[in-house]
Amino acid sequence: MFPREMSRRGGRFHEKEFSGSDGHIDTDEKYMEQRYNPRSIEKKWQQFWDEAGVFEVGEDEKREKYYLLEMFPYPSGRIHMGHVRNYTIGDVVARFMRMLGYNVLHPMGWDAFGMPAENAAIKAGSHPAKWTYDNIDYMRSQLKQLGFSYDWSREFATCDPSYYRWEQLFFLKMYERGLAYRKSSYVNWCPKCQTVLANEQVEAGACWRCDSAVVQKEMEQWFFKITHYVEELLQNTFKLPGWPERVLVMQQNWIGKSTGSMLRFPLESGRGDIGVFTTRTDTLFGATFMSIAPEHPMVADLCRGKPQESAVLDFVEKVKQSKRNEREADLLEKEGFFTGSYCINPVTGKKMPVYVANFVLMAYGTGAVMAVPAHDQRDFEFAQKYGLPIEVVIKPAGACPLRAYPGAGSSAEAGLTGGPETPLAGVARDGFPGDKGVLTHAFEEDGILVDSGEFSGMESAAARIAITEALAKRGLAELTVQYRLRDWGISRQRYWGAPIPIIYCDRCGVAPVPEQDLPVVLPIDVELLENGGSPLPVHKPFYSAACPKCGAEGRRETDTMDTFVESSWYFARYACSDFDRGPLDRARVGYWMPVDQYIGGIEHAVLHLLYSRFFVKALRDMGYMDVDEPFLNLLTQGMVIKDGFKMSKSKGNVVDPDEMIQAYGADTVRLFCLFASPPEKDLDWSEQGVEGSFRFLSRMWRLVFENLEALKSAGPYRGGSFLTGDIAQLRRKTHQTIRKVTEDIRERFHFNTAIAAIMELVNLIYQVLDSRPSDPMLWPVVREAVEAVIVISSPMVPHICEELRSALGFEELLLNTPWPKWDDQALKAEEILVVIQVNGKLRSKITVPADATDKELEDISLRDPRIADFIEGKQVRKVVVVPKKLINIVV
RNA sequence: GCCUGGGUGGUGGAACCGGUAGACACAAGGGACUUAAAAUCCCUUGGUGCUUAGCACCGUGCGGGUUCGAUUCCCGCCCCAGGCACCA
């Protein structure tokens, strides 16, 4: 259906070209000339803008700067509707701010490293570089066809050595400062992509790119120490009022700060202790056993020589083999194994069996958890399963006085036997969740401590501090903070990325590449491997390198950097993309940074937006820039969906921007993207909606060309004359519309309502012209209205507006035209509409002089005949008057 | 489970520091122009009812509350979308 249907239904402006050969349509040549034909005018203005370089900017201290940026695209082949929407929103803001007089930087470039290039090249027998640069050329031409106002002189692709050389320099500087380091650890490995992934790139245990299950693998990897800035990253989320709340909350959750205590539990054997992080120190008296992660370094020691040693090690091995998604997604049944060792509860002195448990994560806290079954549901279930003691030590505030019940805990497996000393186990007290006096699940809230020695009777919050302080005197505790955020693993075992500038030497170990040897250029003459693995480890000219320290033959690092490294600083490079004496020209970066408005998809809420915030802090501390945060204001636009789903090839609901532009022109596509919904919401693509946008532009076009002579000879309205009726109303509407459009764009980026207001104004102009008032002021007022329509529409639909404006005889470009101001005088009406309610229900409407007093309004409404029916025979108890708006009569 | 949004006509959406619910558009129906079609223009369009030039009642997920007045504020639910998820 698609292309053919398209050219038939939407391609109206093709008719003129076809008509020459057909010979029967162009009977009315004059009428055809008046038709809106976007194809020719859009090309004309794009060429004009391009040749004149009108969007190129420099630093100008006299003007206020405004740096507007949209997330740059990955050159995947062709732009999709999501790009069109994102960049259209950005372009409107850029053009609007320019007209308001700001010195606007609006650049574009390419996030050009990454795996799709490799996969596509393997498939096509091509090279990632060729694939990438071909795509860039094509996509650049697509962006130009949409008329976006970029300063193309600043364009760059991140796969260019002139870009990534500076990234390599940053790596070296970060290495010097300990912000880049190498360590061996369990990392996320995607077997399909043959590479390691950062935590942020694992979604529900699966690879963010290919959706394969991610496994844990122990490897030597390079990390960026994002945790060095964890507190600043968190605190600044409270100082970014220009960001959407939900993005900030997502980042806060991702950082995952929790305050608590670090506690030490001495081993019964006397050989050391187990460290534990807990936020619930107040429940310490109820800690009856210990759970540790299978990867915990003490596991081997704890079970050594015990009867269950081999069984424990088998269990550990089994858990390690399980997939990350299964293990983390709470799918696996909670299982544990007693190691055979005990540690001692430092406040009760009681023995606590140490279990290896599959749900304990080595990566959070210390990899060991004190288990308090009465006050943690997971521990409760675990204790029931393995017959471990459950001791209640917190009661709900306000509950009845305590009564003791005999315990019934069985601890056979742990070696604890019941007896007179057996603690109260599994028994509920007043106010606890439970049935017939038996605890059915853990009581997890804060409350009042019981059976907790000297701390009994304290409130949880105070007890947390008090118990920690008491233990601190014995060297067994300290107050501490834990974060969920972990360092950013940046090594990728892939070819198409920026090489990490490191050489390994048998004698000297890790040797950074000297700065003067940068860039370490990614070799182009490689054979890609079928399985997707990197060819670099088998490419001798690359990996063979002399050790910079001793000169002996070393081996170059063959991993490349995560592509998110490139996008973590590109916004600063736009300020000085031609600078070749360093990564960033301080003066120019100082002028432009930070980005005043950043626009992009919500999918980067954590990934790119968190990495960039980290990078800017690191660059600041290394002396490259002076800002703390990269993006002052953030707008996250919604997805483009069709038929209820995100556009995707598999759903078969993709709409190609090229075909849309061919059929309707760029202005129509832009207009529809802006009009169909506010930017932060999802946009539902509708063929008919696009038709409607085209219809509106045609209407605007005809408004000018069908009245061209009258409009031109009218000259602008200069004020002074007294206007009446329709004409006065039109002038008022013109200025109301200017105000509404200005505020809708400036205050909240609600282009949909701005466009609706312009449509209303156009409708009114037509209406006034239809009524043909023989008033000498008709054409001057209409002309003022038409000019306003053209100027305030121009950020959204720039091509048609330039054309219409030049048709009216203007010579300067619209983008150099100041944004119009509304005339407060013109907004004033002589008469206003006031609604009358009785008991809050609308009963009548009256038109009154604008200067009527509240008392007059009240009198008029009480005399209103419609109102009389409703108040007749009733007593008027009260009359509420909202000045110039509404009267409510209460009877 | 926790955290964020969000539930308004046939559809996209508007109004929301409480004050005319449904702007603007799409779709649908009717009409004008035309040999015809396209394009364009005009009218109707939340629901129900009636004594049908009009009027009344109901209506913003559900149930309460505050108020002269609630789509908007408060309390309690339901549903949808997104994020995090054994975090100790």
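Just so it is clear, the structure is predicted and the values come from calculations on it, not from any experiment.
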Pairs under 3.5 Å (N/O, protein and nucleotides 45-53 of chain B):
none

Rounded to whole Å, please give me the gap between [atom1] in [X] and [atom2] in [N].
| X | N | atom1 | atom2 | result |
| --- | --- | --- | --- | --- |
| A/F705 | B/rU40 | CZ | C1' | 18 Å |
| A/N253 | B/rC3 | CG | P | 10 Å |
| A/I255 | B/rC3 | CD1 | P | 19 Å |

**From B/rC41, B/rA39, B/rA88, nucleotide with atom closest to A/Y364 side chain** = B/rA88
**Prompt:** A/L842 side chain: which of B/rA39, B/rU20, B/rA88 is closest?
**Reply:** B/rU20
**Residues A/K334, A/E381: salt bridge by 4.0 Å N-O rule** = no
**Item:** Residue whose closest nucleotide on RNA chain B lies nearer the 5' end, A/F696 versus A/R378
**Value:** A/F696
**Residue mapping more 5' on RNA chain B - nearest nucleotide basis, A/V606 or A/M759** = A/M759
Under 4.0 Å from OP1 or OP2 of [N]: is there any side-chain N or O of [X] that close?
| X | N | result |
| --- | --- | --- |
| A/R843 | B/rU20 | no |
| A/K884 | B/rU20 | no |
| A/R484 | B/rA85 | yes |
| A/R695 | B/rC26 | yes |

What interatomic distance, in whole Å, is found between [atom1] of [M] and the corresponding atom of [N]?
| N | M | atom1 | value |
| --- | --- | --- | --- |
| B/rA23 | B/rC16 | P | 15 Å |
| B/rA14 | B/rG22 | C1' | 7 Å |
| B/rA85 | B/rC3 | P | 16 Å |
| B/rG63 | B/rA15 | C1' | 25 Å |
| B/rG61 | B/rG6 | P | 13 Å |
| B/rU34 | B/rU52 | C1' | 36 Å |
| B/rA37 | B/rC80 | P | 48 Å |

**Prompt:** Under the 6.0 Å and 45° cation-pi test, does A/R484 pair with A/W254?
**Reply:** yes
Between protein and nucleotides 6-17 of chain B, what N or O pairs are separated by less than 3.5 Å?
unit_1, atom_1, unit_2, atom_2, d
B/rG12, O2', A/A676, O, 2.6
B/rG13, O3', A/N752, ND2, 3.3
B/rA14, OP1, A/N752, ND2, 3.0
B/rA15, OP1, A/R748, NH2, 2.8

**Message:** Could you check whether atom CZ of A/R866 has more than 12 heavy atoms from other residues, nucleotides or ligands sitting under 6.0 Å from it?
**Reply:** no
**Request:** For this output row, return yes or no: ring centroids of A/Y36 and A/F694 closer than 6.0 angstrom.
**Result:** yes
**Message:** Could you check whether A/F382 and A/Y355 have their ring centres less than 6.0 Å apart?
**Reply:** yes
**Complete:** salt bridge (charged side-chain N to carboxylate O under 4.0 Å, His left out) filter on A/K646, not counting sequence neighbours, yields none
**Asked** Can you list, by residue number, the residues of residues 240-247 of chain A that have a non-hydrogen atom closer than 4.0 angstrom to RNA chain B?
**Response** A/R246
**Prompt:** Would B/rG69 be called syn or anti, given that syn covers angles within 90° of 0?
**Reply:** anti
**Request:** Spell out, as yes or no, whether a donor-acceptor pair under 3.5 Å connects the side chain of A/D667 to the backbone of A/I800.
**Result:** yes
**A/H375 (side chain) donor-acceptor with A/G286 (main chain) under 3.5 angstrom** = no
Check every strand shown and say whether [X] touches a base, only sugar-phosphate, or nothing at a heavy-atom separation below 4.0 Å.
| X | value |
| --- | --- |
| A/G365 | nothing |
| A/R699 | sugar-phosphate |
| A/N763 | sugar-phosphate |
| A/F672 | nothing |

**Asked** Can you tell me if A/S258 and A/T279 form a side-chain donor-acceptor pair at under 3.5 Å?
**Response** no
**Message:** Pairing donors with acceptors under 3.5 angstrom, does anything connect the side chains of A/T237 and A/Q251?
**Reply:** no
Nucleotides 66-70 of chain B: which of its N/O atoms have a protein N/O under 3.5 Å away?
unit_1, atom_1, unit_2, atom_2, d
B/rC68, O2', A/N888, ND2, 3.3
B/rC68, O2, A/N888, ND2, 2.4

Show me the donor-acceptor pairs within less than 3.5 Å that the side chains of residues 675-683 of chain A make with the rest of the protein, sequence neighbours left out.
unit_1, atom_1, unit_2, atom_2, d
A/S677, OG, A/R85, NH2, 3.2
A/S677, OG, A/D682, O, 3.3
A/E680, OE2, A/H750, NE2, 3.4
A/D682, OD1, A/M639, N, 2.9

